[in-house]
Amino acid sequence: MSEHNSTRAAPDPIHVLHSYDASSITVLPGLEAVRKNPSMYIGSIGQEGLHHLVYEVVDNSIDESQAGFCSRIAITVGADGSCAIEDNGRGIPVGIHPEHGKPACEVVLTTLHSGGKFKKGSYQVSAGMHGVGISCVNALSEWLELEVWIDGIHYRQHYARGVPLSGVQVIGPTEKRGTLLRFLPDASIFQQARAFSYATLSKRLEELAYLHPGILITIEDQRTGRTQGFQYQSGIFGYVEHINRSRTVLHPRPIHILDSMDGVEIELAMQWTTAYADDVISFVNSINTIYGGTHVNGLKAALNRVINDYADQAGMIAAENGEKIAIFDILEGLTCVMSILMPNPQFEGQTKTRLSNRDLKKLVELVVGRHLAAAFKDDPRLAVQIVGRALEATRARQAARRAAETARFHSIDTRVTEEVYQKQFGIRSRNWHESATWITDKGLLGLHADLCKKAGNTRMLDVCCGSGVVGAAFKGRVGEMVGLDLTPQMIELAKERLDEVHQGTVYDLPYKDESFGLVVNREVLHLLPHPEKPVSEIYRVLEPGGQFIVGQIIPYGAMDAAWMFRIFKKKQPLFFNNFQEEDFRRLLQGAGFVNIQMKEYLLWESIDLWIDTHETTNLHRHEIRDLFYNAPAEARAVHPFEILPSGEIRDQWRWAVFSCFKPGEGFFQ
């Protein structure tokens, strides 16, 4: 075990480097192929691929940092849509390459599979062995400018779509050292992408700053004037504490492991919380392996073995009767950041989202298992907390399954207390806007607002307002904007957008009859066991002629309804009503509403993002994925969804936005 504030000393350059000059650049013999099939090299030509261009350049600077030669990286997003990455490393060599007869920097920028990482001694570890990074950036850029400060001289070279426009120019003497790459992504290729996202880039840069204690990484957005710097001494220990800052932790200090074996350095910090979902983030040579790989498999194997062994030895489970704590339940509530440094990582694809080194699983399992067992021995109270939490999750899941098996023989009590909602949505509010695309989708919000037929001075109620984004969409179209929600957390969020927000329940709205000219609502009625009651309450507080606008996710038809219900129920335990269009119309008609109209809105959602919330258990997340992988043919025929090569699931949701009126004076015909 190591102290959490320890930092890894920078490697001695003498030991990690034999020589680094023009001869260090090795070429593995093709650039037009990149422009013809860019997704093969950067994953996509959408937002992900656009940002991958930046990461490829930044990764080279990180390689310099890991070799001990770079302490500062600066990223600048230009007002013209360009991006510049500058470091104070050694500078890309500019001497003539002995085999190609061109400047080494030009070889690196115009030839696939070229770079210093192929020659032993140039880098001890690097972000991968593909060597296609900045040559791909060059090929996919409308223009690229290279500046190098090396050996007391400032050099510059310009490119257009991968072709050099000039030789390497000597600008003059300098005391600086390092490399700057400034490029403008080619709009003819990135037609599916928008501009660089400051939030996306800054999140990645923050990760890198935690992974490399002491390095200063800055980002400037010239479009908005926003700037930010990241520099941490706490490493991944501090990163776990940062992730868990708004969560209730099970034990106060993360468990920190730092060890090396067979030339591989393994570091991780982990801490359990009271949340349902796990948050395991893995890196290999600073690359975020978002889809895991053999190193994550080794971590899970170690956790499974050590926790079950401890539970057995401590008499917490009846192992002789076959009782065992499931890995799903061990992972529940776990926040873990793992960083692997190794000389020859093998990734699946150029975007490096999954690691495939076979021997690494056994190595990680051995190291993590040894240290975790030692931590449990040193602190039995910590062991009981962690093992007990996992055991409780296993037994609760088994009890729920047994209850479900007998529930079909009994009438179901659909009463749900306010406390259940408050607890669940209080937790959910912490990452509310990050948990799905639909929450802040401008098109969907705009459709709600466009259906408004009331005068501009109308008093509006956003019932079950959540964070207030639906009500805020009506700003400028109505007068006073009032919100109502059950949880204090959501109320605080909604106060930022609405004029006033009250606490109360939709089953008993705390307002007098005929108090509002407009009531709006979205994605709530399917969570309520008796939706006719809140709809009647909404009808009551509307003035005669008042309008009700409500958005709801609905199946495409009877063929996908049952399958869709299973998905939503596993994601959201409080899900009760899988309305079809005719069901929802009858619900509104039953309350007395007239002139019912519906507008459809189709929206693609990332299921992986949607289920990555505190309310969804790890087991249910896996079961939801299985429901998509094994979707019945009938559902596939009517319900569009796709499983990408990366394993990500994208589902097209059918939103129905209904408009209806309470009869009376002012009723909109």
Side-chain angles (χ1 to χ4, degrees), residues 197-200 202 224 226 246 418 421-422 424-506 509-511 515-528 534 537-538 541-543 546-553 572 599 601 603 605 609-610 613-615 653 655 657-659:
S197 164
Y198 180 90
T200 300
S202 59
T224 62
R226 188 175 181 183
S246 62
E418 292 183 17
Y421 283 95
Q422 285 180 318
Q424 180 162 303
F425 287 100
I427 292 174
R428 189 178 183 186
S429 67
R430 297 176 187 173
N431 64 342
W432 179 253
H433 283 176
E434 301 173 1
S435 63
T437 300
W438 65 264
I439 295 174
T440 56
D441 183 80
K442 293 182 179 179
L444 181 58
L445 292 170
L447 179 56
H448 284 70
D450 289 344
L451 289 173
C452 180
K453 303 297 183 182
K454 302 303 293 180
N457 61 351
T458 295
R459 187 175 187 229
M460 180 202 74
L461 171 64
D462 185 352
V463 64
C464 299
C465 59
S467 57
V469 293
V470 177
F474 290 80
K475 188 173 183 179
R477 297 174 182 261
V478 298
E480 184 182 8
M481 300 187 299
V482 180
L484 176 108
D485 205 280
L486 191 61
T487 72
Q489 295 90 341
M490 287 298 189
I491 290 171
E492 288 304 310
L493 289 174
K495 283 181 178 178
E496 300 176 6
R497 298 176 175 86
L498 305 179
D499 296 324
E500 60 179 280
V501 186
H502 308 136
Q503 186 168 10
T505 171
V506 69
L509 293 176
Y511 306 107
S515 297
F516 300 93
L518 173 67
V519 176
V520 298
N521 173 262
R522 182 179 65 165
E523 202 264 340
V524 170
L525 293 176
H526 64 190
L527 305 178
L528 305 176
E537 275 291 282
I538 290 169
V541 301
L542 271 173
E543 62 188 26
Q547 184 180 12
F548 179 33
I549 299 174
V550 53
Q552 202 69 45
I553 301 169
Q572 169 58 273
K599 296 288 186 180
Y601 186 84
L603 178 64
E605 283 286 349
L609 174 67
W610 179 59
T613 56
H614 298 281
E615 69 206 33
W653 285 357
W655 279 91
V657 183
F658 291 86
S659 165

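What you are looking at is a predicted structure, and each value in this text was computed from that prediction instead of being measured. Quick note: residue numbers are just sequence positions, from 1. The figures that follow rest on heavy atoms only: side chains count, while hydrogens, waters and symmetry mates do not.
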Legend entry - Heavy-atom pair of closest approach, residues Gly479 and Asp499: O-OD2, 3.9 Å
Legend entry - Any His448 side-chain heavy atom under 4.5 Å of Val550 side chain: no
Inset, instruction - Evaluate side-chain contact (heavy atoms from CB on, under 4.5 Å) for Tyr198 paired with Thr224, printing each intermediate quantity in order. - result: CA-CA 10 Å; Tyr198 180 90; Thr224 62; 5.6 Å; no
Legend entry - Option from Val470, Val520, Leu509 for which side chain to side chain contact (heavy atoms under 4.5 Å, CB included) with Val463 holds: Leu509
Legend entry - Side chain proximity check, Glu500 to Glu480, heavy atoms < 4.5 angstrom: yes
Inset, instruction - Give the ring-plane orientation class for Tyr511 versus Phe516, where under 30° counts as parallel, over 60° as perpendicular and anything between as tilted. - result: perpendicular
Inset, instruction - Determine, stepwise, if the pair Val519 / Val541 fulfils side-chain contact (heavy atoms from CB on, under 4.5 Å). - result: CA-CA 9 Å; Val519 176; Val541 301; 4.3 Å; yes
Inset, instruction - To the nearest 0.5 angstrom, please state how far the CG atom of Leu447 sits from the CG atom of Leu603. - result: 11.5 Å
Inset, instruction - Looking only at non-hydrogen atoms, find the nearest pair between Cys452 and Leu518 and report the distance. - result: SG-CD2, 4.0 Å
Legend entry - Main-chain N/O of Gly466 paired to Asp485 side chain as donor or acceptor, under 3.5 Å: yes
Inset, instruction - Could you grab the distance from atom CG of Asp441 to atom CD of Glu605, nearest 0.5 Å is fine? - result: 8.0 Å
Legend entry - Check: Phe474 and Thr458 side chains under 4.5 Å, non-hydrogen atoms: no
Legend entry - Exam field: side chain Arg497 to backbone Ala473, donor-acceptor pair closer than 3.5 Å: no
Legend entry - Gln552 side chain near Val657 side chain, heavy-atom distance below 4.5 Å: no
Inset, instruction - Could you tell me whether a side-chain N or O of Glu496 sits under 3.5 Å from a main-chain N or O of Ser467, the two making a donor and an acceptor? - result: no
Inset, instruction - Under the side-chain contact (heavy atoms from CB on, under 4.5 Å) rule, what do Leu498 and Asp462 come out as? Steps first, then yes or no, please. - result: CA-CA 9 Å; Leu498 305 179; Asp462 185 352; 4.2 Å; yes
Inset, instruction - Please step through side-chain contact (heavy atoms from CB on, under 4.5 Å) for the pair Cys465 and Leu484, ending with a clear verdict. - result: CA-CA 6 Å; Cys465 59; Leu484 176 108; 5.7 Å; no
Inset, instruction - State, without any angle test, whether Ser659 and Gln547 hold a side-chain donor-acceptor pair at a distance under 3.5 Å. - result: yes
Inset, instruction - Decide, yes or no, whether a salt bridge links Asp450 with Arg477 under the criterion of side-chain N to carboxylate O below 4.0 Å. - result: yes
Legend entry - Side chain proximity check, His502 to Val482, heavy atoms < 4.5 angstrom: yes
Inset, instruction - To the nearest 0.5 Å, tell me how far Phe548 CZ sits from Phe658 CZ. - result: 10.5 Å
Inset, instruction - Answer whether the closest heavy-atom distance between the side chains of Arg522 and Trp655 falls below 4.5 Å. - result: yes
Inset, instruction - Output yes when a side-chain donor or acceptor of Gln503 lies under 3.5 Å from a complementary backbone atom of Leu486, and no otherwise. - result: yes
